[in-house]
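These notes are about the structure you will find just below.
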Amino acid sequence: MQISNQILKGLPRKIALMLLDCGLIVFCYWLAIIVHFDGEDSAIPAALLRAEVIRAMAPMLLYALPIYMIVFWFGGLYEIMWEYAGMRDLGRLLCLSGLSTGLVMLVDLMLRDRPVSGAVLIFGSVFNTGAIAGVRFLWRLIKTMLAMAASRSESNDTPMLIVGAGNAGAWAVTLCKSKNQTFGRPVCIVDDDLTKKGLRVQGVPVRGTISDIPELVRKYHIMEIVIAITTVHGDRMREIINLCNSTHCRVRMISDPHAVDESGNPLAAGFRELNTADFLSRDEIQLNNAQISEYLHDKIVLVTGGGGSIGSELCRQIMRYQPRRLLIFDIYENCAYELETELRGRYGAAAPILTLIGSIRDKERLDEVFETYHPTVVFHAAAHKHVPLMEISPAEAVKNNVVGTKNLLTSAAEHDVERFVQLSTDKAVNPTNVMGCTKRLCEMLIQSFAKNTDMKCVAVRFGNVLGSHGSVIPLFEEQIKRGGPVTITHPEIVRYFMTIPEAAQLVLQAGGLAESGSIYVLDMGEPVKIMDLANRLIRFYGYEPGVNMEVKITGLRPGEKLYEELMMDAEQDKMAKTAHNKIFIAPPMQIDLAAFYSDLQRLQEAAHRNDDEVVDILQEMVPSYHPNRRVCADHTVVAASGNTALFSKAELAQALNERKPTVKEE
């Protein structure tokens with residue numbers, strides 16, 4: 001019954017096409033007669049001859065039209081969807097038309113009185129074949145043009161400049177010209193390859209080089225720039241981004257057309273906004289995945305502070321190596337829960353992920369976790385990290401960072417953990433704040449446990465991480481969105497920066513090296529001036545620093561230095577390379593274990609009493625610790641004068657030069 005209804009629904013269309021074809025056939029035979037007799041040399045006037053032939057043509061149509069309709073019907077001509085017709089469908093029309101003409105001529109030859117000549121039949125056949133095909137493809141053309149007009153009215157007609165005339169640039173043009181996309185209208189392309197100038201990519205001309213961008217923006221009224229280069233990183237990419245931002249156009253980056261998610265599914269194609277990683281644009285990291293997989297695959301892995309910025313990224317990257325179970329350990333349940341939800345959404349509800357709430361201060365809770373789940377690899381990312389807050393509460397920094405790390409190391413050693421990776425910081429080098437000093441003690445704990453246990457213990461030291469909680473970039477973005485001012489503690493302050501994924505990848509790689517007792521130092525690249533970073537971000541949001549967005553200098557915070565260092569003075573000449581070009585090894589510290597643990601006990605007792613003696617003991621234990629702080633009567637802490645806070649620009653440059661890392665071959 002359903003099939004019958006569908007056939008009946010399609011019948012009106014077929015009948016309409018048959019009537020149209022009949023009209024076209026009649027018209028084409030009439031046209032053929034006119035064409036044929038216009039060239040005849042006859043005593044009879046051409047007009048009278050045509051009239052006679054036209055009258056004689058009527059009986060011929062009585063058998064010609066049925067022949068055409070029967071052949072077309074059974075040949076399937078009326079079942080073709082001409083909106084999507086191709087050469088095969090056109091070939092079918094030609095064959096059916098030829099067959100029909102042949103049958104008409106056969107019938108015509110069988111008749112004694114031939115109403116029309118064979119030439120007219122041939123001309124008519126050619127004309128009606130062309131007419132039938134032409135009408136159908138004209139209808140297809142009209143529908144296509146109407147669809148394009150509708151699409152154009154809905155699409156984004158923003159004039160766009162594309163940077164890069166390679167594969168990525170061609171892909172960007174294709175994306176803009178594809179149906180149902182609203183990415184913009186490519187007007188021109190730029191590329192530093194001079195041989196491409198004047199060429200076209202799918203009709204879009206290459207107008208110049210990257211340095212011509214400002215001029216081309218003005219000339220072609222460009223409103224958006226898409227950077228479609230996948231092979232340029234580092235300083236050159238930063239130059240390109242800065243040049244594009246200087247035009248005040250919207251600037252976006254092309255998404256990797258070959259990128260896939262963790263499940264192997266292609267990511268959504270398109271363009272993305274610039275992000276904090278683009279401001280650094282560091283070279284892509286090459287990982288030894290086999291080495292990492294060897295110690296993570298099918299292992300039970302515990303990540304403390306797993307809900308934090310670095311901890312959560314570690315968890316994401318660890319899941320790529322298919323651990324037997326991932327244990328997310330954190331005191332703050334909200335971030336840990338969100339991470340677990342994200343990972344289960346990516347890897348499925350049955351993914352081997354477990355979130356455990358607890359504190360590294362609680363030794364009994366740690367013992368319970370180790371006894372129940374038996375992790376073999378531990379990444380220790382839990383810590384109090386905010387420098388000014390720890391200046392006000394030094395005892396809390398000691399309880400969490402030092403005592404908590406000691407608890408974790410002890411439990412791990414007692415429960416046969418194979419590998420322990422401690423996340424450290426450049427603030428542990430020549431520390432001027434409590435947080436940095438406590439992390440230096442953590443490095444010392446790592447080396448002491450490495451000497452006295454079978455557990456492979458390593459620390460990984462790196463600088464600031466963009467986008468982490470308390471990072472400067474989110475603060476600047478919030479201030480800009482509020483209308484300013486953007487606050488900077490000192491105009492000459494510089495920091496080493498690394499993106500969260502980059503830091504997590506190198507931590508995993510360092511864990512794979514695992515030469516017990518080592519302090520691995522990550523190559524952070526060149527230090528970044530915070531003032532320059534703020535100015536770039538302000539311009540990115542369409543403002544001009546000091547013109548319509550105020551930049552305010554607030555003074556160095558308690559414990560804050562103008563510049564950070566990745567290694568001690570004594571470490572510089574002894575820094576050794578590893579198998580990875582971005583990871584170095586600091587020389588081992590000479591630690592008097594008896595004195596160290598005696599002082600550690602005093603420090604722990606003072607911290608539990610919340611005693612002011614905590615800072616004094618820290619100074620005794622870490623001779624390179626020079627507090628840059630002063631505690632006021634109301635227990636607030638301010639930066640002290642006369643320390644690393646007060647450098648001239650020339651002195652800072654000299655200091656950075658003197659402390660530039662040097663490495664030697666192993």
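Applying the side-chain contact (heavy atoms from CB on, under 4.5 Å) test to Thr489 and every residue at least two apart in sequence or in another chain returns Ile493, Thr554, Leu556, Arg557, Glu560. Considering only residues two or more places apart in sequence or on other chains, Glu396 meets the side-chain hydrogen bond (donor to acceptor under 3.5 Å, both in side chains) condition with Arg361, Lys399. Ile292 pairs by the side-chain contact (heavy atoms from CB on, under 4.5 Å) definition with Leu287, Tyr295, Leu296, Tyr321, Leu508, Gln509, not counting sequence neighbours. In terms of the side-chain contact (heavy atoms from CB on, under 4.5 Å) criterion, residue partners of Asp298 (sequence neighbours excluded) are, by chain and number, Arg324. Under the salt bridge (Lys or Arg N to Asp or Glu O under 4.0 Å) criterion, Asp362 pairs with no residue, sequence neighbours left out. Under the side-chain hydrogen bond (donor to acceptor under 3.5 Å, both in side chains) criterion, Asp330 pairs with no residue at all, not counting sequence neighbours. Applying the side-chain hydrogen bond (donor to acceptor under 3.5 Å, both in side chains) rule to Asn334 yields the partners Tyr332; only residues at least two apart in sequence or on another chain are considered. Scored by the side-chain hydrogen bond (donor to acceptor under 3.5 Å, both in side chains) test, Glu313 finds Arg316, Gln317 as partners (sequence neighbours excluded). With sequence neighbours excluded, the residues forming a side-chain contact (heavy atoms from CB on, under 4.5 Å) with Gln619 are Val615, Asp616, Tyr625, Pro627, listed by chain and number. In this structure Glu368 satisfies the salt bridge (Lys or Arg N to Asp or Glu O under 4.0 Å) test together with Arg365, sequence neighbours excluded. With sequence neighbours excluded, the residues forming a ring pair (Phe, Tyr, Trp, His ring centres under 6.0 Å) with His415 are Phe370, listed by chain and number.
Listed here is the closest heavy atom pair of Ala395 and Ala607: CB-O, 3.6 Å. Looking at every heavy atom in both residues, Leu314 comes nearest to Ala504 through CD2-O, 3.8 Å. When all heavy atoms are compared, the tightest approach of Val303 to Gly311 is CG1-O, 3.9 Å. In terms of heavy-atom proximity, Ala459 sits nearest to Ile446 at N-CG2, 3.9 Å. Closest approach of Ile328 and Gly307 over heavy atoms only: CG2-N, 4.2 Å.
Leu326 places a side-chain heavy atom less than 4.5 Å from the side chain of Met319. Annotation: side chain of Glu342 is not in contact with side chain of Tyr337 (no heavy-atom distance under 4.5 Å). By the 4.5 Å heavy-atom criterion applied to side chains, Tyr597 and Asp599 are not counted as neighbours. The side-chain heavy atoms of Ile553 and Met531, taken from C-beta on, include a pair separated by under 4.5 Å. Side-chain contact between Leu441 and Leu603 is present, with heavy atoms from C-beta onward closer than 4.5 Å. Within the 4.5 Å cutoff, the side chain of Arg325 has heavy atoms near those of the Tyr373 side chain. Proximity of Val301 to Leu327: side-chain heavy atoms (C-beta onward) are nowhere separated by under 4.5 Å. With a 4.5 Å cut-off on side-chain heavy atoms, Lys456 and Phe420 do not count as touching.
Thr438 contributes a side-chain N or O that, together with a main-chain N or O of Met435, makes up a donor-acceptor pair within less than 3.5 Å. Judged purely by atom type and a 3.5 angstrom limit, Glu391 uses its side chain to pair as donor or acceptor with the backbone of Val434. Checked by atom type and distance alone, the side chain of Ser448 pairs as donor or acceptor with a backbone atom of Leu445 at under 3.5 Å. Remark: side-chain polar atoms of His490 are paired, donor with acceptor, to backbone N or O of Glu492 under 3.5 angstrom. The main-chain N or O of Lys552 is never found under 3.5 Å from a side-chain atom of Thr487 such that the two would form a donor-acceptor pair. Ser312 contributes a side-chain N or O that, together with a main-chain N or O of Gly308, makes up a donor-acceptor pair within less than 3.5 Å. At distances below 3.5 Å, not a single donor-acceptor pair connects side-chain atoms of Thr376 with backbone N or O atoms of Glu418. Side-chain N or O atoms of Asn401 include none that pairs as donor or acceptor with a backbone N or O of Ala383 at under 3.5 Å. In this structure, Asn407 contributes its side chain and Ile360 its backbone to a donor-acceptor pair below 3.5 Å. In terms of modelled atom types and a separation under 3.5 Å, the side chain of Arg419 and the main chain of Gly511 share a donor-acceptor contact.
Ion pairing between Glu340 and Arg344 holds under the 4.0 Å rule for side-chain N and carboxylate O. Look at Glu478 and Arg482 and you find a salt bridge, because one of the NZ, NE, NH1 or NH2 atoms lies within 4.0 Å of a carboxylate O, short of that distance.
The closest side-chain donor-acceptor pair between Ser424 and Tyr520, if any, does not fall under 3.5 angstrom. A side-chain N or O of Glu605 and one of Gln601 form a donor-acceptor pair less than 3.5 Å apart. Judged purely by distance below 3.5 Å, without hydrogens or angles, the side chains of His626 and Thr432 never pair a donor atom with an acceptor atom.
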Working note: Lys439 + Lys427, criterion side-chain contact (heavy atoms from CB on, under 4.5 Å); need CA distance, chi angles, decisive distance, verdict. CA-CA 8 Å; Lys439 297 299 275 187; Lys427 293 174 178 60; over 6 Å; no
Hey, mind stepping through Val460 and Gln422 against side-chain contact (heavy atoms from CB on, under 4.5 Å) and telling me if it holds? CA-CA 6 Å; Val460 184; Gln422 158 80 37; over 6 Å; no
Would you sort out whether Leu366 and Leu408 count as a side-chain contact (heavy atoms from CB on, under 4.5 Å), showing the intermediate values? CA-CA 7 Å; Leu366 290 174; Leu408 186 64; 3.9 Å; yes
Under the criterion side-chain contact (heavy atoms from CB on, under 4.5 Å), I'd like the reasoning laid out for Val507 against Val421: C-alpha separation, chi angles, the key distance, then a yes or no. CA-CA 8 Å; Val507 167; Val421 182; 4.1 Å; yes
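Rounding to the nearest 0.5 angstrom, the gap separating the CD atom in Glu333 from the CG atom in Leu356 is 13.5 Å. In this structure, Leu475 CG and Ile488 CD1 are separated by 10.0 Å, a value rounded to the nearest 0.5 Å.
Judged as a salt bridge (charged side-chain N to carboxylate O under 4.0 Å, His left out), the pairs with a partner in residues 406-417 (not counting sequence neighbours) are, in order, Lys363-Glu414.
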